[in-house]
Amino acid sequence: MSNYDHKRIEAKWQLRWEEERPNDVLEDPDKPKQYILIEFPYPSGEGLHTGHVRSYTALDIVARKRRAEGYNVLYPIGWDAFGLPAENFAIKTGTSPQITTRKSIDTFREQMKRIGFSFDWHREINTSDPTYYQWTQWIFLQLFKHGLAYKAKMPINWCPVDKIGLANEEVIEGKCERCGSPVEKREKEQWMLAITKYADRLDRDLDTVNYPERIKVQQRNWIGKSEGAEIEFRITNTELRIKVFTTRPDTLYGATYLVLAPEHPALANNELRITNYEEVRKYIEEAKQKTDIERTAEGKEKTGVELKGVRAINPATKEEIPIFVADYVLVHYGTGAIMAVPAHDERDFEFATKFNLPIRQVIQPVFGIENRRPDAEARETVTAIAKRKDGKILILKWKKQPWISAPIGGVDAGETSEQAAERELLEETGYCGKAVMVSPITIESHFFAEHKNVWRARYDHPVLLEVDEQSPKPISPKEDALHNVQWMTYEEALQAVNFKNNRLALELVLHKPHSYEGVSYAEAEQIINSGEFNGLSASEAKEKITETFGVKKISYKLRDWVFSRQRYWGEPIPLVFCEHCAKRITKGELRSTNEGEVRNPGWVPVPEESLPVELPVVEKYQPTDTGESPLAAISEWVNVRCPTCNGPAKRETDVMPNWAGSSWYFLRYSNPSNPEVFASRENLEYWLPVDWYNGGMEHTTLHLLYSRFWHKFLYDIGFVPTEEPYAKRTSHGVVLANDGQKMSKSLGNVVNPDEVIGQFGADSLRIYEMFMGPFDQSVAWSMDNIVGSRRFLERVWKLADSVKEAPLPEPFEALLHRSIKKVSEDIEEMKFNTAVSQLMILLNEMETLPDTPQEAFRILIRLLAPFAPHIAEELWERLGKVSSVHKAPWPSFDEEKITLRSAIIVVQVNGKVRAQIESSTDATEEELKELALKLPAVLKWTGGGEVKRTIFVPGRLLNLVV
RNA sequence: GCCGUGGUGGCGGAAUUGGCAUACGCGUACGGUUCAGAACCGUAUCUCGCAAGAGUUGAGAGUUCAAAUCUCUCCCACGGCACCA
């Protein structure tokens with residue numbers, strides 16, 4: 001037989017698939033469905049990237065396997081075609097994005113077909129196609145109508161180079177994500193989407209989906225939910241009140257000053273009647289001019305100005321406390337104002353130290369703290385020891401400075417998951433060791449700064465010893481969850497324990513502080529305490545203090561989505577502004593049931609039947625310096641009639657961000673050419689949710705969150721049948737260049753898949769990309785290693801020559817069945833590298849057989865088919881099959897046949913391998929022991945001595961302890 | 001600083017209910033084939049040691065008959081977030 005000629009074979013089958021379209025699917029209610037999805041690419045001018053190939057091949061394998069298992073599989077492809085590169089290219093060359101995009105798409109499509117992906121090409125979509133973005137605009141209008149889109153003047157991140165407003169998500173370390181230049185702040189009218197209204201559900205519903213933990217964690221962090229309270233502070237000389245948000249209402253008695261963000265509205269026109277307003281105004285101006293990097297680049301050095309002539313009243317202590325403006329407080333979080341509790345917050349502590357403000361502790365860990373090492377630095381792990389009512393103890397750890405972030409309930413601050421589990425256990429069983437409100441003492445900050453260990457110094461140091469009922473022994477870290485303890489005195493402990501490695505837990509039993517330099521405890525208690533809340537646990541205190549002085553409140557880090565781009569190459573926002581209607585709505589002459597119109601007076605939606613609002617052809621793509629879209633220059637497009645009053649009106653010239661089209665594309669795949677609706681209910685019900693969605697980690701906080709938001713909204717208004725779009729999400733690692741760096745044009749280390757295909761073939765490329773390393777980890781490309789994959793396929797090719805009707809030898813049959821199992825399971829777990837490895841092992845074994853049994857070879861080909869579809873198809877045909885290998889059912893395995901009848905048992909003496917015995921799998925311990933003790937290799941090490949103990953793992957191992 | 005992931009031969013990596021560490025592939029060496037080379041085939045390939053043997057999974061300790069895997073104390077790399085009260 002001829003040599004393996006990948007060019008001929010791949011061309012032949014690609015042509016056949018093009019004609020026969022085996023992967024175009026129709027909805028078939030009688031067949032179970034599988035919706036397999038990859039993130040559709042942005043069709044850049046650079047062509048397909050090896051990273052695309054890795055991800056698409058992986059899910060292609062999954063899709064092909066699912067088809068072989070009898071599922072009706074939807075594996076679609078499309079183009080996320082709006083985006084900056086095409087527009088920037090247009091600015092440079094004058095070539096319209098429409099043209100460059102079309103060209104790029106053609107290239108991508110050709111490249112993909114050369115790799116043999118089993119996409120359903122008849123469902124191809126393109127976000128920049130008017131028949132597609134018509135529906136993007138439609139969805140936007142629904143958001144508008146439901147009051148989730150609003151125009152707001154707000155400081156936005158402005159990139160002076162790209163001349164574009166950026167979403168927070170697009171600002172990386174204060175720099176523009178695209179060009180890396182420092183981002184400025186500008187006030188700009190922007191369309192916003194109220195994603196924060198969905199914050200809670202976006203967080204909560206993560207429990208219902210199958211995403212990797214790290215994605216859930218990242219999303220949760222991004223949403224940043226925190227529960228707390230809003231508390232009002234009265235101001236001395238005005239009627240004004242200032243609201244603060246805090247997660248620690250239990251520390252209210254320790255609030256010794258207030259801080260407002262520079263942008264806080266109460267500061268705008270000296271409403272507070274500050275006597276040093278000039279100074280304050282100057283500070284605010286300075287803060288505004290600072291970019292985000294500058295604010296953080298100054299390190300942790302806090303700045304601020306006291307507002308003279310006004311004071312706030314702490315509602316709990318009734319004390320008058322100073323107010324500051326400082327830029328360490330952010331406007332857009334909480335209420336833009338905080339109550340500062342320096343004793344229990346690092347930042348407040350730092351500020352208070354610098355400005356010499358009182359620091360007042362109000363929370364005390366109950367059972368004290370334990371230091372693993374007596375000389376431990378402040379930032380090391382500290383441990384709280386809690387004693388339960390039944391006498392058992394728990395050791396809880398956190399990594400914080402105990403006197404600054406006093407642990408709430410022992411662990412809340414910075415606890416690990418393990419500790420959380422312990423806490424839950426605790427809460428169930430009930431223990432008496434939560435932090436309590438104590439009568440606090442006031443110390444002056446200068447004193448505090450000099451004596452940081454002062455709180456520790458107040459405790460006595462008896463020793464806690466873990467004691468087994470029978471024999472006392474020092475605490476073993478392994479069993480530190482729950483155990484019986486007794487309490488010993490320090491002297492007793494010294495005698496019972498050896499101090500090796502200081503592995504002795506010192507319990508710092510809580511005592512009332514003895515005395516203080518200058519202030520006795522008794523005196524301190526007189527000065528201030530937590531009043532009627534003394535003695536409560538911190539969590540109880542939170543509840544009660546919130547009830548008494550404020551209201552419960554939940555805050556999120558997530559901010560509303562800046563949805564406007566002053567650009568050309570995007571979906572036009574389908575709204576017009578009508579001066580006339582604006583006036584009538586504000587005056588109340590015009591009533592609208594449309595929440596968007598009410599909320600944004602004068603903004604009128606383009607009627608749905610007039611959609612799409614098509615992107616007009618322009619001559620200049622350059623955005624203006626004032627930040628307006630190039631669309632603003634086309635007066636015949638801008639000037640329209642108002643859909644409501646038919647008066648003169650102007651179109652919105654901003655376009656949508658890239659994220660718009662990709663927020664719902666997976667819905668369109670279910671019904672891609674429907675002119676009536678974005679997708680029919682029927683088709684959505686058949687295909688949704690997406691069963692398996694793979695993509696990059698870089699999209700976890702942007703695309704993934706945005707599309708979940710849109711989906712939930714569409715669910716709420718009754719257009720999609722599921723609350724979550726994706727049942728399962730996985731992510732791929734990045735393919736790096738062989739130098740371990742990111743592939744980039746400027747570094748000249750980009751690998752072009754076309755070249756690899758030319759030299760080695762698409763099948764080799766696919767196999768290599770799967771074999772190169774764990775799918776979810778980054779791997780560097782290697783041109784040297786790819787030959788291994790090529791050789792593997794060549795050997796499969798050659799083996800076909802020796803295929804005969806031949807029986808399966810017994811040990812080989814076991815391997816065959818084990819291989820089916822391994823490959824099947826590995827695909828499901830995305831362990832493609834070991835799946836390929838198993839195929840290699842199987843091939844190696846087959847090569848040692850005198851003849852290649854037909855049956856075994858056919859199974860090999862079927863297992864190989866998802867990975868290397870072309871060669872598999874060709875060999876399948878050579879075996880005389882008329883129908884495609886991709887239509888053949890997935891091989892099944894027999895668990896019985898996997899277990900070998902005989903096995904090699906490892907014999908250890910004292911845990912070291914000394915010999916091997918070949919025996920039947922079901923041999924008993926006694927039989928094997930007898931055999932083993934006759935072996936010279938074993939005798940040498942047992943020395944004929946008595947075997948004290950035997951450990952036996954059936955079918956695997958025998959360990960003799962002498 | 002916080003959160004997450006990872007650290008195993010010359011290289012990519014395998015092995016996780018604790019049970020033969022280094023599967024599979026690359027590279028390298030030697031041999032075969034060849035006029036020669038490429039390709040291909042075979043053998044070898046963690047370290048020390050002639051060998052018997054001993055050591056080895058980022059470092060150190062612990063638990064165990066047995067640890068890459070579990071526990072503790074550290075170190076390093078990568079990714080994300082970063083004054084979020």
Side-chain angles (χ1 to χ4, degrees), chain A residues 3 172-173 212-215 217-218 220-222 224-226 228 244-248 251 259 292 295-296 298-300 302 326-330 332-335 337-341 344-348 350-351 372-373 379-381 399 414 416 476-480 500-503 555-559 697-698 700-701 733-734 738 740 768 771-774 776-789 791-792 794-795 798 831 833-834 836-841 844 904-913 916 940 948-953 956-962:
Chain A
N3 286 334
I172 312 291
E173 284 173 1
E213 202 48 37
R214 56 182 177 148
I215 291 184
V217 166
Q218 253 189 54
R220 289 221 159 90
N221 288 346
W222 191 263
K225 178 178 179 170
S226 43
V244 303
F245 172 75
T246 177
T247 53
R248 298 289 307 275
T251 62
V259 187
D292 280 353
R295 270 202 193 185
T296 45
E298 286 169 29
K300 298 273 174 189
K302 300 271 182 294
D327 66 5
Y328 82 92
V329 174
L330 311 170
H332 44 68
Y333 185 75
T335 60
I338 61 156
M339 64 179 210
V341 186
H344 302 291
D345 182 279
E346 268 181 89
R347 294 151 303 173
D348 296 342
E350 204 186 316
F351 191 84
R372 231 161 233 298
R373 282 193 256 153
R379 57 187 185 77
E380 285 208 26
T381 308
K399 281 188 176 176
T416 68
S476 70
K478 194 177 181 180
E479 296 143 3
D480 65 3
K500 200 179 165 194
N501 302 318
N502 292 323
R503 258 173 206 292
S555 275
Y556 300 91
K557 287 188 202 172
L558 186 71
R559 286 184 247 164
M697 276 311 280
E698 70 275 19
T700 4
T701 46
V734 183
N738 58 0
Y768 171 63
F771 186 59
M772 65 197 301
D776 57 355
Q777 282 172 35
S778 303
V779 199
W781 183 272
S782 159
M783 275 300 182
D784 292 333
N785 283 345
I786 194 171
V787 303
S789 303
R791 278 180 205 156
F792 165 63
E794 277 173 2
R795 282 162 53 206
K798 209 172 276 173
K831 288 153 81 174
N833 53 336
T834 49
V836 173
S837 153
Q838 188 64 37
L839 290 173
M840 288 171 170
I841 292 168
N844 289 349
I904 292 176
I905 310 289
V906 173
V907 182
Q908 295 182 334
V909 179
N910 290 336
K912 297 236 177 230
V913 181
Q916 297 182 336
K940 183 178 166 192
K948 280 194 215 145
R949 203 178 145 190
T950 315
I951 290 104
F952 178 59
V953 183
R956 301 189 84 156
L957 170 138
L958 184 73
N959 187 11
L960 306 169
V961 184
V962 190

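So that the names make sense, note that chain A is the first sequence line, chain B the second, and so on, each numbered from 1. Computed over heavy atoms, backbone and side chain alike; hydrogens, waters and symmetry mates excluded.
Phosphate proximity of A85(B) to Y328(A): absent, as no side-chain N or O sits under 4.0 Å from OP1 or OP2. In this model, the phosphate group of G19(B) is not approached by any side-chain N or O of R956(A) to a distance below 4.0 Å at OP1 or OP2. At the phosphate of C3(B), neither OP1 nor OP2 sits under 4.0 Å from any side-chain N or O atom of R220(A). Checking the phosphate oxygens (OP1, OP2) of A14(B), a side-chain nitrogen or oxygen of N833(A) falls inside 4.0 Å. The phosphate of A85(B) (OP1 or OP2) has a side-chain N or O of S226(A) nearer than 4.0 angstrom.
Checked by distance alone, K557(A) brings no side-chain donor or acceptor within 3.5 Å of a matching partner on the base of C81(B). Side-chain atoms of Q908(A) come within donor-acceptor range of the base of G19(B), with a qualifying N/O pair under 3.5 Å.
One can place CG of N785(A) at 9 Å from P of G12(B), the figure rounded to the nearest angstrom. The separation between M840(A) atom CE and A14(B) atom P is 14 Å, rounded to whole Å. Across the protein-nucleic acid pair, R559(A) atom CZ and C81(B) atom P stand 13 Å apart, rounded to whole Å. The distance between atom CH2 of W781(A) and atom C1' of G12(B), rounded to the nearest whole Å, is 13 Å. Rounded to whole Å, atom C1' of A15(B) lies 12 Å from atom CD1 of I841(A). Look at CG on N738(A): it is 14 Å from C1' on C26(B), rounded to the nearest Å. For the pair E794(A) CD and G25(B) P, the computed distance is 14 Å after rounding to whole Å. In this structure, the CD atom of E350(A) is 14 Å from the P atom of G1(B), given to the nearest Å.
Here the nucleotide nearest the side chain of P774(A), chosen from G25(B), G13(B), C26(B), is G13(B). Relative to the side chain of T246(A), the nucleotides C83(B), G19(B), A85(B) differ in distance, and A85(B) lies closest. Closest to the side chain of V906(A), out of C83(B), C20(B), A85(B), is C20(B).
Nucleotides U57(B) and A66(B) place their P atoms 16 Å apart, quoted to the nearest Å. Nucleotides U63(B) and A51(B) are separated by 35 Å at their P atoms, to the nearest Å. Between the C1' atoms of G18(B) and G25(B), the separation comes to 28 Å (whole Å). A distance of about 15 Å separates the P atoms of G60(B) and C75(B), rounded to the whole Å. Comparing the same atom, C1', in G62(B) and in U28(B) gives a spacing of 41 Å after rounding to whole Å. A21(B) sits 11 Å from A67(B) when the C1' atoms are compared, rounded to a whole Å.
Looking at heavy-atom distances under 4.0 Å, T700(A) makes no contact with the nucleic acid at all. Using a 4.0 Å heavy-atom cutoff across all strands shown, V217(A) reaches sugar-phosphate atoms only and no base atom. Across all strands, Q916(A) comes closer than 4.0 Å to base atoms (heavy-atom distances). Contact annotation for D348(A): no contact, since no heavy-atom pair falls under 4.0 Å across all strands. Residue-level contact check: V779(A) touches the backbone only, with heavy atoms under 4.0 Å from sugar-phosphate atoms and none from bases. Among the atoms of the strands shown, none is found under 4.0 Å from any heavy atom of S782(A). Nucleic acid contact class of D784(A) (heavy atoms, under 4.0 Å, all strands): sugar-phosphate only. Within 4.0 Å of R795(A), counting heavy atoms only, lie sugar-phosphate atoms of the nucleic acid but no base atom. If you check every strand for non-hydrogen atoms under 4.0 Å, L957(A) touches a base.
Pairing analysis of RNA chain B (Watson-Crick: purine N1 to pyrimidine N3 plus N6-O4 or O6-N4; G-U wobble: N1-O2 and O6-N3; both under 3.5 Å) yields stems of 3 or more pairs at B:1-7 with B:75-81, B:10-12 with B:24-26, B:27-32 with B:40-45, B:46-48 with B:53-55, B:58-62 with B:70-74.
Residue R220(A) places its CZ atom among more than 12 non-hydrogen atoms of other residues, nucleotides or ligands, all under 6.0 Å distant.
The two atoms that bring W781(A) and N738(A) nearest to each other are O-CB, 2.8 Å, heavy atoms only. Residues Y333(A) and S555(A) come closest through the heavy atom pair OH-CB, 3.5 Å. Pairing each heavy atom of A340(A) with each of V259(A), the nearest pair is CB-CG2, 4.4 Å. Annotation for M697(A) and I215(A): closest pair SD-CG1, 3.8 Å, computed over non-hydrogen atoms.
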Between the protein and nucleotides 5-8 of chain B, which nitrogen or oxygen pairs are less than 3.5 angstrom apart?
none

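The cationic atom of K302(A) (NZ for Lys, CZ for Arg) lies less than 6.0 Å from the six-membered ring centre of Y328(A) and within 45° of the ring axis.
Looking at Y768(A), its side chain never comes within 3.5 Å of a backbone N or O of M783(A) through a donor-acceptor pair.
Syn is the glycosidic conformation of G9(B), whose angle stays within 90° of 0.
If N844(A) and T834(A) are placed on RNA chain B by their nearest nucleotide, the residue sitting closer to the 5' end is T834(A). Nearest-nucleotide mapping onto RNA chain B: of G334(A) and M697(A), the residue sitting toward the 5' end is M697(A).
One side chain, N844(A) or R795(A), offers a donor N or O that lies under 3.5 Å from an acceptor on the other.
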Take I338(A) and D348(A) through the test side chain to side chain contact (heavy atoms under 4.5 Å, CB included) and record every step on the way to the result.
CA-CA 10 Å; I338(A) 61 156; D348(A) 296 342; 3.6 Å; yes
